[in-house]
Amino acid sequence: DASILGADLLRLPPEPIDSDFPYACAAGLNAYNVTDPPDLDSRESSPFLGSQNTRDCAGPCPAGYSSLEATGRCIGCLAGNYSKAGQGECSLCAHPFSSVDKSATCTICTDGFYKRSSSALEVPANRGREKIPELEGDWFCYPCPSDATCTPRHEGRRLAEDLGGGRGMSETDDESSEVLATITLKHGYWRAGQNTDQLVECSDRGFAGSGKRRCKGGADFGTGKYGDGYCSDKFKGPECQLCANENQYLVYGEECVDCPAQGRKFLGPLLLGLGFCVAVGVA
């Protein structure tokens with residue numbers, strides 16, 4: 001085509017090509033056709049090399065990824081950070097928000113907070129809550145109750161444990177925030193429902209330390225409706241003050257003993273001493 005004779009189609013740098021070509025990519029641009037290419041040491045033989053033949057490289061890094069100037073490689077942001085498309089460096093999520101790996105937004109709550117919609121059962125107004133701006137609807141990060149711990153999860157594990165082991169949170173996790181139903185009660189505490197932040201310190205019933213021995217706390221509410229999952233094995237009910245064995249009752253604040261034989265002649269609940277016994281038959 002005679003029309004292109006003498007035209008400046010591609011200007012190579014005046015320096016030796018080996019040192020200056022391919023072009024160094026600007027921050028936020030990708031030198032590869034895919035994200036997360038092979039190790040840097042493998043680039044010479046990598047099929048991904050070759051997208052730096054223009055100064056635009058292979059285009060901007062996608063949201064959730066970033067690249068520093070001249071490196072050309074788009075690397076996913078770590079948990080607790082985020083980026084928009086074409087961003088040169090990942091940004092830290094504002095407190096009290098956080099994120100999973102490779103996130104474009106910060107839509108989960110950080111340590112010491114739990115995620116909750118305002119449409120859920122209300123807790124005391126505001127109380128230090130912060131609205132999550134990136135989510136549609138009224139979603140907030142609420143401060144964790146003082147007698148519980150709230151830590152983001154990943155596949156059933158705590159984020160802090162994952163990061164400590166060099167493992168982040170996956171971008172495929174739908175719900176990584178701690179929510180009110182899964183907060184972890186401290187040892188010696190119980191609550192009446194999964195959707196309340198009103199935690200109760202288990203009574204010692206006059207016997208020092210018995211409340212802690214009955215109430216193990218934890219994150220499991222249990223399968224019943226009285227928070228039995230917060231109780232040690234032998235106990236159940238409000239503040240774990242009932243014996244799990246229906247023919248036993250509570251004494252000394254933490255011991256379950258058999259009901260007297262006479263008590264088994266009656267149907268229904270029977271108050272004996274410091275606890276309840278429920279007869280299961282007729283003598």
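For Leu92, the side-chain contact (heavy atoms from CB on, under 4.5 Å) partners two or more places apart in sequence, or in a different chain, are Asn81. For Phe221, the ring-ring contact (aromatic ring centres under 6.0 Å, His included) test picks out Tyr230, with sequence neighbours left out. With sequence neighbours left out, Phe97 forms a ring-ring contact (aromatic ring centres under 6.0 Å, His included) with no residue at all. In this structure, Tyr189 has no ring-ring contact (aromatic ring centres under 6.0 Å, His included) partners at least two apart in sequence or on a different chain. Listed by chain and number, the residues in a side-chain contact (heavy atoms from CB on, under 4.5 Å) with Lys84 are Tyr82, Gln87, Thr105, Glu134 (sequence neighbours excluded). Not counting sequence neighbours, His187 has no partner by the ring-ring contact (aromatic ring centres under 6.0 Å, His included) test.
Counting heavy atoms from C-beta outward, Leu242 and Leu250 have side chains that stay 4.5 Å or more apart. Annotation: side chain of Trp139 is not in contact with side chain of Thr107 (no heavy-atom distance under 4.5 Å). Taking the side chain as every heavy atom from C-beta outward, Cys77 and Ser83 approach each other to under 4.5 Å. Looking at heavy atoms from C-beta onward, Trp190 lies in side-chain contact with Val200 at the 4.5 angstrom threshold. Using a 4.5 Å heavy-atom cutoff, the side chains of Cys256 and Phe235 are in contact. With contacts defined as side-chain heavy-atom distances shorter than 4.5 Å, the pair Val257/Gln248 does not qualify. Contact of the Lys102 side chain with the Ile75 side chain is not registered, since no non-hydrogen atoms from C-beta on lie closer than 4.5 Å.
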Next item on the list: Just do the side-chain contact (heavy atoms from CB on, under 4.5 Å) check on Leu185 and Leu199 with the steps written out, would you?
Entry: CA-CA 8 Å; Leu185 276 61; Leu199 311 186; 4.1 Å; yes
Next item on the list: Show your working on side-chain contact (heavy atoms from CB on, under 4.5 Å) between Ser210 and Tyr252 and close with a plain yes or no.
Entry: CA-CA 8 Å; Ser210 63; Tyr252 306 123; over 6 Å; no
Margin query: Before you tell me yes or no, could you show the steps for Lys115 and Ile132 under side-chain contact (heavy atoms from CB on, under 4.5 Å), namely the whole-Å CA-CA distance, both residues' side-chain angles and the distance that decides it to 0.1 Å?
Written below: CA-CA 9 Å; Lys115 185 176 179 179; Ile132 303 175; 4.2 Å; yes
Item checked: Evaluation steps, side-chain contact (heavy atoms from CB on, under 4.5 Å), between Ile183 and Thr149 -> CA-CA 6 Å; Ile183 64 174; Thr149 57; over 6 Å; no
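There is no path of hydrophobic side-chain contacts, each under 4.5 Å, that joins Phe140 to Phe113.
Looking only at distances, a side-chain donor or acceptor of Ser103 sits under 3.5 Å from a matching main-chain atom of Val100. Counting only distance, with no hydrogens or angles, the side chain of Asp204 and the backbone of Gly211 share a donor-acceptor pair below 3.5 Å. Asp101 places no side-chain N or O within donor-acceptor distance of the main-chain N or O of Leu78, the cut-off being under 3.5 Å. Formation of a donor-acceptor pair under 3.5 Å by the Ser232 side chain with backbone atoms of Lys234 is not found in this model. Asp228 places a side-chain N or O within 3.5 Å of a backbone atom of Gly237 that can act as its donor or acceptor partner.
A disulfide bridge does not connect Cys215 to Cys240: their SG atoms sit 2.5 Å or farther from one another. The SG atoms of Cys109 and Cys150 lie 2.5 Å or more from each other.
Expressed to the nearest 0.5 Å, how far CZ of Arg129 lies from OH of Tyr114 amounts to 10.0 Å. The OG1 atom of Thr184 lies 13.0 Å from the CG atom of Asp147; values are rounded to the nearest 0.5 Å. Note that the NZ atom of Lys236 and the SG atom of Cys231 stand 10.0 Å from one another [nearest 0.5 Å]. Between Tyr65 atom OH and Cys90 atom SG the span is 10.5 Å, to the nearest 0.5 Å.
The salt bridge (Lys or Arg N to Asp or Glu O under 4.0 Å) pairs that include a residue from residues 206-227 are Arg213-Glu254, where partners are two or more places apart or lie in different chains.
When only modelled atom types and interatomic distance are considered, Arg191 and Gln198 share no side-chain donor-acceptor pair under 3.5 Å.
Here the shortest heavy-atom pairing between Ser66 and Cys61 reads C-SG, 4.0 Å.
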